[in-house]
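Worksheet: the structure to be examined is printed underneath.
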Amino acid sequence: YKKVLEVEGTHAEATLNLGNLNFEAGLYEPARVWFTKVADLPHASRNTKEMALNNLGNLYRTVDLHDMAEVAFARAWEVSGGGNAVSLVNVWVARRSQARWDRWEEL
């Protein structure tokens with residue numbers, strides 16, 4: 001993927017895949033950077049941006065940043081044009097996780 005980016009520095013799918021590889025390796029900060037880069041690429045397809053934002057939300061959920069996960073999932077839902085139920089479910093799950101976390105802190 002890095003070789004592809006050497007030729008085409010803003011190749012959305014290669015950028016997304018680098019984020020995925022870093023996430024799977026537990027390298028969350030580099031993964032966050034790659035996913036965010038994809039989400040901000042003006043020429044990336046709607047589907048690629050939505051995948052990057054959902055993956056970013058999952059990354060935030062993994063590191064217990066549920067409020068940031070909700071924001072990423074909401075952006076994914078917006079990018080999908082409201083047509084992807086997975087993005088909407090992710091928003092609901094993030095909100096529920098955040099509510100549980102907030103409640104836990106109050107106990």
Side-chain angles (χ1 to χ4, degrees):
Y1 302 118
K2 287 184 178 181
K3 289 205 181 266
V4 171
L5 291 175
E6 287 175 13
V7 175
E8 185 185 332
T10 59
H11 191 280
E13 288 78 12
T15 305
L16 175 64
N17 286 329
L18 282 171
N20 291 336
L21 288 173
N22 280 275
F23 180 77
E24 290 298 320
L27 302 170
Y28 299 131
E29 181 54 22
R32 184 196 64 77
V33 170
W34 290 116
F35 292 148
T36 301
K37 185 180 272 194
V38 174
D40 294 337
L41 287 174
H43 67 279
S45 72
R46 181 187 330 191
N47 186 51
T48 302
K49 285 185 178 194
E50 183 183 2
M51 283 191 287
L53 288 163
N54 276 316
N55 292 352
L56 181 62
N58 285 323
L59 182 152
Y60 286 139
R61 192 177 351 185
T62 298
V63 296
D64 292 327
L65 294 172
H66 300 288
D67 55 336
M68 294 176 78
E70 181 182 348
V71 170
F73 291 138
R75 279 188 65 201
W77 171 248
E78 289 172 13
V79 166
S80 79
N84 187 333
V86 171
S87 295
L88 182 58
V89 168
N90 281 336
V91 171
W92 289 336
V93 169
R95 287 182 180 168
R96 183 172 181 197
S97 297
Q98 182 62 33
R100 278 200 318 245
W101 185 256
D102 289 344
R103 186 172 176 200
W104 175 260
E105 288 180 349
E106 291 174 5
L107 296 176

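Index from 1, following the sequence. What's counted below: heavy atoms across the whole structure, side chains too, no hydrogens, waters or symmetry copies.
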Check: CG of N55 to CD of E24: how many Å apart, nearest 0.5 Å?
Finding: 9.0 Å

Check: When you measure from the side chain of H43 to the backbone N and O of H11, does any donor-acceptor pair fall under 3.5 Å?
Finding: no

Next item on the list: For R46 and S80, indicate whether the former's side chain and the latter's backbone hold a donor-acceptor pair under 3.5 Å.
Entry: yes

Notebook entry, point to check: Distance-only, no hydrogens or angles: does the T62 side chain make a donor-acceptor pair with backbone N or O of N58 under 3.5 Å?
Noted result: yes

Next item on the list: For T10 and T15, run side chain to side chain contact (heavy atoms under 4.5 Å, CB included): C-alpha distance rounded to whole Å, both residues' side-chain angles, the deciding distance at 0.1 Å, then the answer.
Entry: CA-CA 7 Å; T10 59; T15 305; over 6 Å; no

Check: Looking at side-chain heavy atoms only, is the closest gap between N54 and F73 below 4.5 Å?
Finding: yes

Next item on the list: Run the salt-bridge test on R32 and E29 with the 4.0 Å N-O cut-off and return the result as yes or no.
Entry: yes

Check: Are any side-chain N or O atoms of K49 and backbone N or O atoms of V38, one a donor and one an acceptor, separated by less than 3.5 Å?
Finding: no

Notebook entry, point to check: Yes or no on side chain to side chain contact (heavy atoms under 4.5 Å, CB included) for Y28 and N22, after CA distance, side-chain angles and deciding distance?
Noted result: CA-CA 7 Å; Y28 299 131; N22 280 275; over 6 Å; no

Notebook entry, point to check: For Y60, what residues pass the ring-ring contact (aromatic ring centres under 6.0 Å, His included) criterion, not counting sequence neighbours?
Noted result: none

Checklist line | Residue pair W34 / L5: nearest heavy atoms and the distance that separates them | finding: CZ3-CD1, 3.8 Å

Checklist line | Sequence-distant partners of E8, salt bridge (charged side-chain N to carboxylate O under 4.0 Å, His left out), two or more places apart | finding: none

Margin query: Test of understanding: clusters of I, L, V, M, F, W, Y form through side-chain heavy atoms closer than 4.5 Å, transitively. Do V63 and F35 belong to the same one?
Written below: yes

